[in-house]
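Have a look at the structure below, then the notes.
One-based numbering, in listed order, for ligands and for the atoms of each.
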Amino acid sequence: MQSKSLFSFIFLLLFASITFSQQPQWTEVAPGVWKAVIGKPESYDLLKAAGTEPNKSALGKVGPASFPLNKPDIDATVTDGKTYLRFPLQKQEQIFGFGLNFQTVYQRGKILQLHVDHYGGKDNGRTHAPTPFYISSNGYGVFINSARYLTVYAGAGVRRDSKNPPVAKDRNTDKTWSARPYSDAVEILVPAGGVEVYVFGGPKAIDAIRRYNLFNGGGTLPPRWGLGFTQRVQRLYNADDVKNEAKAFEEKGYPLDFIGLEPGWQSKSYPCTFEWDKKRFPNPEQFVKDMMKVGIRINLWLNPYVSPEASIYNSIKPFTASHTVWVGAVPDFSMPEARKIFFGQLKKDQVDIGVSGYKIDEVDGYDHYLWPDVTTFPSGHGAEQMRQTYGLLVQRYSAEMYRALNTRTFGLVRASNGGGSSFPYVIYNDYYDHADFITALINSGFAGVLWTPEARASKTGEEWLRRFQTVVFSPMAMINAWASGTKPWSYPEVAEQVKQYSLLRMQMIPYWYSEFARYHFEGTPIFRAMNLEEGFSHEVKKEAVNQNLEQNPYAEAISKEIKDQYMAGENLLVAPLFTGQTSRKVVLPKGKWFDFYTGAYVGDGEIITVTPGLDKIPVYVKDGAIIPMMPPMLHAPAKGQVIDLEVRHYGQKPGSFKLYDDDGETFNYEKGEYSWRTITVERDAKGQWKGSISAPEKGKPNTVGQVSWNFMTK
Ligand code: GAL
């Protein structure tokens with residue numbers, strides 16, 4: 001008898017040590033940001049890999065927030081070496097995020113496995129930045145700080161003990177039966193015995209995103225030149241080819257700020273040597289200098305896999321993984337020894353001679369190319385953890401090289417993850433679906449990353465122009481001609497329109513730069529979903545919704561998803577057209593909207609149908625909005641260069657705009673060397689529009705020359 005009770009006691013103890021359910025204890029770690037530690041978190045996670053510091057003072061300015069969820073409704077259970085997380089969902093709640101998705105904006109109802117990978121055509125969690133962060137239409141966000149492959153049931157599972165259970169129905173007799181009954185929770189499986197969870201307060205969804213970005217150091221602030229135009233030239237180009245290409249841009253009057261060299265600048269690629277090919281580039285230092293003299297910076301493509309023929313191969317070998325990629329050694333960038341050798345080579349050979357940045361390729365996937373999950377790394381981190389964080393690591397440590405020189409960089413990368421908001425990199429891929437590229441642009445704003453819908457080549461001039469129009473309204477205006485050798489003027493029938501759009505990109509640099517500054521200092525994503533816009537209607541006209549759908553929040557949600565128009569900065573709504581389309585519908589949030597090109601009134605809280613012609617990408621401006629522009633120069637303003645402004649005002653309301661200014665190239669803004677100047681447009685006593693700009697602050701950078709005013713709405 002006694003031994004039996006001892007046995008059950010031991011059993012209970014054992015059981016208790018394997019499974020425990022806990023109500024997370026929340027601590028406010030920064031204004032409006034709460035953290036809970038569940039079980040025993042692993043020593044390596046996304047935030048450790050990213051290594052950024054929260055901007056607490058900026059977080060303090062987002063405004064007050066209270067804990068956004070009912071705490072007892074959040075559950076965390078650790079059992080079987082895994083952590084089971086559950087967060088409540090309300091009936092009418094929609095959720096966004098879970099990384100850089102390409103086909104869907106609404107994530108409620110999804111089952112995802114978050115896994116860094118090359119996007120494979122399905123929103124299943126495998127993508128370039130599978131950020132474990134979701135945002136609710138009820139105005140909060142949740143972030144899981146884990147470098148594991150997380151399985152997410154985003155309102156899919158139905159628990160027996162649900163507080164709001166769906167009713168069981170008979171499929172034979174009840175037409176409202178659904179294969180996906182209502183679910184009241186987001187559930188996440190973390191394959192580890194513990195994890196840190198963060199909740200970001202609102203009150204609005206955009207506030208939660210701002211808090212997330214600021215918690216990760218704020219969005220990146222690119223150099224001004226990064227917002228100009230970039231051409232990635234064909235692979236195997238030599239120094240003269242590059243010079244000739246730059247000359248052609250200049251002669252033809254197309255703007256250009258930096259040129260990307262694709263495979264061929266290195267003596268070996270796939271795997272790489274990280275050393276110049278001396279046949280194609282006999283004097284790299286002179287080449288980079290010569291290009292700089294004509295106003296063009298150089299960006300270099302690489303993948304980080306080290307060729308056995310690289311001079312760093314032997315020294316880096318002990319700090320590389322058990323498995324290779326294309327027979328190249330895989331540096332363990334979580335180890336200082338590996339970083340010192342790898343980035344030491346880049347610095348000595350390229351950064352120190354003036355190379356402006358990198359395009360870091362192949363750090364995402366494919367499974368058949370990348371190291372398998374059975375790989376071991378000398379740091380002891382799992383292959384899975386390295387897969388989830390490799391993009392973060394290469395961004396972090398390459399950016400550090402530039403920071404050490406007090407020079408900003410702006411480059412490209414094919415993988416990122418949670419914690420990466422502040423890295424000066426834009427994501428791209430090979431998938432090349434124009435419409436899905438725009439949905440990715442929308443989702444980038446939820447994922448804390450930047451994305452470019454790059455143009456490569458097209459079947460027709462129409463497609464070329466349509467693609468080009470969208471890169472102009474994206475974080476990086478780029479042609480990637482690595483395979484095609486296309487130039488902006490390659491399609492003669494639209495060459496002039498392409499030129500006008502690339503010049504428009506340049507004219508808008510003062511607007512873009514100020515919007516990036518807001519991304520940095522306030523956390524507001526520049527390119528983002530309509531759903532984050534005040535006055536955006538979640539209601540669909542009744543007749544559009546079938547009765548059955550109305551019962552099922554997920555199906556109903558899908559019927560309302562808007563994934564082909566987006567906000568660009570605080571004032572612009574961009575509604576691209578794709579090949580074959582001559583007209584489209586545009587959903588205008590409440591408030592008056594005006595045509596960007598003409599200033600004409602277009603509508604208010606309604607759906608309009610537009611037929612803009614091939615020459616125009618529809619862009620609409622808020623009432624009272626101010627768009628600061630500069631002359632259509634062929635290069636972005638140089639460090640400290642004084643530039644005239646043309647200030648455009650739209651609509652019937654008075655307006656104001658905070659114009660950001662700094663030297664455009666260094667990190668001196670972190671020491672306070674920046675200014676915000678207020679541009680105001682109001683009616684004078686006679687009812688005429690009148691514009692003014694606040695005086696420059698003493699001792700602060702001032703690059704504003706003459707200011708002219710253009711009141712667009714007559
Ligand atoms: C791909 C990359 C392209 C281009 C190409 C060069 O992986 O996505 O943009 O750089 O490699 O080989």
Does ligand 1 have any N/O atom under 3.5 Å from a protein N/O, and what are those pairs and their distances?
residue  : atom   : partner : partner atom : Å
ligand 1 : 7 (O)  : D361    : OD1          : 3.4
ligand 1 : 7 (O)  : D361    : OD2          : 2.6
ligand 1 : 7 (O)  : E362    : OE2          : 3.0
ligand 1 : 7 (O)  : R414    : NH1          : 2.8
ligand 1 : 8 (O)  : R414    : NH1          : 3.1
ligand 1 : 8 (O)  : D430    : OD1          : 2.5
ligand 1 : 8 (O)  : D430    : OD2          : 3.4
ligand 1 : 9 (O)  : K359    : NZ           : 2.7
ligand 1 : 9 (O)  : R456    : NH2          : 3.1
ligand 1 : 9 (O)  : N480    : ND2          : 2.9
ligand 1 : 10 (O) : E262    : OE1          : 2.4
ligand 1 : 10 (O) : W301    : NE1          : 3.4
ligand 1 : 10 (O) : K359    : NZ           : 2.9
ligand 1 : 11 (O) : Y270    : OH           : 3.0
ligand 1 : 11 (O) : D361    : OD2          : 3.0
ligand 1 : 12 (O) : Y270    : OH           : 2.7

Problem set entry | By salt bridge (Lys or Arg N to Asp or Glu O under 4.0 Å) - contacts of D367 (at least two apart) |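 If we apply the salt bridge (Lys or Arg N to Asp or Glu O under 4.0 Å) test to D367, skipping adjacent residues, the hits are R126, R387.
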Exercise. What residues form a salt bridge (Lys or Arg N to Asp or Glu O under 4.0 Å) with K122, not counting sequence neighbours?
Worked result: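 Result, salt bridge (Lys or Arg N to Asp or Glu O under 4.0 Å) vs K122: none returned.
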For this session: Scan for salt bridge (Lys or Arg N to Asp or Glu O under 4.0 Å) pairs involving residues 256-267, sequence neighbours excluded, and state none if there are none.
Result: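 Listed once each, the pairs are R232-E262, E262-K359.
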Problem set entry | K499 to W489, cation-pi by 6.0 Å centre distance and 45° axis angle |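 So K499 doesn't make the cation-pi contact.
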Exercise. Is it true that the NZ or CZ of R528 lies under 6.0 Å from the centre of F446's six-membered ring and within 45 degrees of the ring axis?
Worked result: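 Ring-cation test returns no.
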Problem set entry | Pairwise distance CZ(F98) to CD(Q113) - rounded to 0.5 angstrom |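 The CZ atom of F98 sits 13.0 Å away from the CD atom of Q113.
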